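For reference, the structure discussed in these notes is given below.
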Amino acid sequence: MAGGMQGGIITRSYKSGSIIYFENDKSEYIYILKSGRVLLTYTKIDTGEEIKEDVRQGEFFGVKSALGKYPREETAQTIGETLVLVLTLADFERLILKNVNVVRKMLRVFSNQLRRIGKTVRTVLGDSDSVSPDVELFRIGEHYYKAGDLTKASYAFKRYMEYYPDTDYAKVAMDRIKSISSGTVSTSSAGTKTVVASDSDLDDFAMDDSPDDMFSMDDAVSADSGGTGDSEDFTLSSELSSEMNDFLTDSDDSLDDFGDFSFDEPAAETSSGLKARFNEGVAHLDMNNCSAAAAVFQEIIDEGPPVKEHEKKFFIDSYFYAGRCFFEMKKYKEAMTFFAEIIKNYQDGENFKGTLFYIGDIFASAGQKEKALAYYNRVLNMTPKDALNSRALDKIKGLQKS
Amino acid sequence: MLELDEKFFARFGVDYSPNEIIFCEYEPGYEFYFIQKGRVKIVKIINDREKTIDVLSTGDVFGEMSILEEEPRSATAIAVDVVRVFKFHRDNFDTLLQGNPQLAYKLLLIFSKRIYDAKRRLMILLLEEPSVKVMDVMIMLAEQNPQFDVEGEIIINTTASQIASWAGMADSEVQKELTHLARVAKIDLFEDRIAVKNIRDFQRIVTSRRKNLYS
């Protein structure tokens, strides 16, 4: 074995068949294979199988055990004349601080390993040993409630209601929240909010005021008179989409707020727990945390349609809720981008009607009375009738008076 | 410390007042946190008592498991004093690393340790006999003190129910094993700790059983 220095880092050369370290050795050195071959031999925990793995040139080895300060889990042996760089922890830290990409790669490898181990652990445990998180969360609330630590109790109960609203203790949790906050429960909801059009609302987007662009409900229907409801919807939707495209043509950079968010993880990996994340977004919105909520929905949207059928609803609804978030923030143009997606692609979704209503609100805010009326009318005529229909009627009456 | 501009703080910075919960055990979690100012205690409710597992301060990271896992939070994080954190959704992870190599290094350390712990736990779970599992949990807990001396008596601060959770066993089953070990004078049982007379005995038994697993 011969040694040399390279930029403060030691280079070592090994003869063929040398052991760089043995399994169970304790050492704080980290190695990089410079030339030659290094074979790592380890035993798989779950099967006892002996695994041999080649280190590729330029690759690190011995990292985890050195960083974690635990015994080596593998034996490293050379094949042929081999050169390795030997790094102390300090060398290693200095080196990686300059190469974040290396760290990122390692973290990905580590997280995959951890994920795999976690999966095996859960399999071994039969996956069902775990307690149900909803009951446990409720219990934590109860613990703090009984201990008189009401802030914490309230937090736990609120989270319980957010994530597990349909479970056993929902009523008790709700009662506890009410008794803690002495009956004042926030009811902020976009739908009931009075929309006040003002000049500043218009700052966010440019409206084309040319009469040609005016949308009229009557026109849409007469263009397709005698058609089925479906084809009417189609006509309506294509009208709507082209109108929305106009609305959106004057693009600005406001959506670039999301530009530096990164979505490297494949959708399949992040989409599990979609429901919980979606609910988290809704919770943010309910608490008037609009930008946080918008970020959540944006993430869900950016991950693309989920693979699991039952999760598609959350993906589609994210457009609606993202629209609502921006609507609340009076960023009508952004709101419109999201609502447009519903109109174009998801007319079957349960929020289609709500979307039409919000678009009405946006046009109303923008002082585009005719367009607003068209959308409210559309809502008004939709079945089944619900509170939204009567709210649309109120809006129409209000607009007609003004 | 993270050195970030105002814009960054405006987007990711969150303040908490003393005694405020940052996240609660068993709630779903998708963010991890980096403490900018103040102290955060990590607690669990065990047997209806709030037990502090750790107290973290400026520069520390918590909630980092959410980067990898879909699991609910495994502990509760509470602000001890006025706390300022950066709160990052796991989807922003890459962006974050780019600007903050120190954080990256810290996470490497945390994950290395965690992988080891997870593997170690898996090794326990894979053992077949309940009595051997219980022994191996005690060995593992003893190993966590790097200065532990295999020759003498070792005190492990743990309870039957903690051992049960490590071993994936029922509390009562662990209690039975512990009672047995106490009866044959291998250990002394206390409410909050266990004194192991000769941990080498346990190590020998576990090693031989583990060998047999694969053969």
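Reminder, nothing fancy here: chain letters follow the sequence lines and each chain counts from 1. On a predicted model such as this, the values are computed, not experimentally measured, just so you know. Scope of the values below: all heavy atoms of this structure, side chains included, with no hydrogens, waters or symmetry mates.
Of the atoms belonging to A/Lys44, it is backbone heavy atoms, and not side-chain ones, that fall under 4.5 Å from chain B. For B/Leu127, no part lies under 4.5 angstrom from a heavy atom of chain A. Contacts between B/Asp117 and chain A at a heavy-atom distance below 4.5 Å are absent for every atom of the residue. Residue B/Ile110: no heavy atom, backbone or side chain, is found under 4.5 Å from chain A. For A/Glu162, no part sits under 4.5 Å from any heavy atom of chain B, backbone or side chain. Interface remark: B/Glu143 contributes no atoms to any contact with chain A (heavy atom separation under 4.5 Å). Contact annotation for A/Glu280: only side-chain heavy atoms (C-beta onward) come within less than 4.5 Å of a heavy atom of chain B. For chain A, the nearby parts of B/Leu125 are the backbone and the side chain; heavy atoms of each come within less than 4.5 Å. Contact of A/Thr47 with chain B is made through the backbone alone, with heavy-atom distances under 4.5 Å. Using a 4.5 Å cut-off between heavy atoms, A/Asn279 makes no contact with chain B at all.
Using a 4.5 Å cut-off on side-chain heavy atoms (C-beta onward), B/Leu56 and B/Arg39 make no contact. When side chains are defined from C-beta on, B/Phe34 does not count as touching B/Phe62, because their heavy atoms never get closer than 4.5 Å. At a threshold of 4.5 Å between non-hydrogen side-chain atoms, the residues A/Glu73 and A/Tyr42 do not count as touching.
Here A/Glu93 is the residue among A/Glu93, A/Lys64, A/Glu49, A/Arg139 with the most heavy-atom pairs under 4.5 Å with chain B. Chain A forms the most heavy-atom pairs under 4.5 Å with one residue out of B/Lys113, B/Glu50, B/Glu20, B/Arg73, and that residue is B/Glu50. Heavy-atom pairs under 4.5 Å with chain B peak, among A/Asp134, A/Asp149, A/Thr151, at A/Asp149. Top candidate by heavy-atom pairs under 4.5 Å with chain A, chosen from B/Leu122, B/Ile78, B/Leu126, B/Leu107, is B/Leu122.
Note on ring orientation: taking the six-membered ring where Trp is involved, the planes of B/Phe12 and B/Phe88 are tilted (angle from 30° to 60°).
Under a cutoff of 6.0 Å and an axis angle of 45°, A/Arg159 and A/Tyr163 do not form a cation-pi pair. Relative to the ring axis of B/Tyr30, B/Arg90 does not place its NZ or CZ within 45° and under 6.0 Å from the centre.
The main-chain N or O of B/Gly38 is never found under 3.5 Å from a side-chain atom of B/Arg84 such that the two would form a donor-acceptor pair.
Of the charged side-chain nitrogens involved, at least one lies within less than 4.0 Å of a carboxylate oxygen, so that B/Lys44 and B/Glu25 count as a salt-bridged pair.
Ring centroids of A/Tyr160 and A/Phe138 are separated by less than 6.0 Å, placing the two rings close together.
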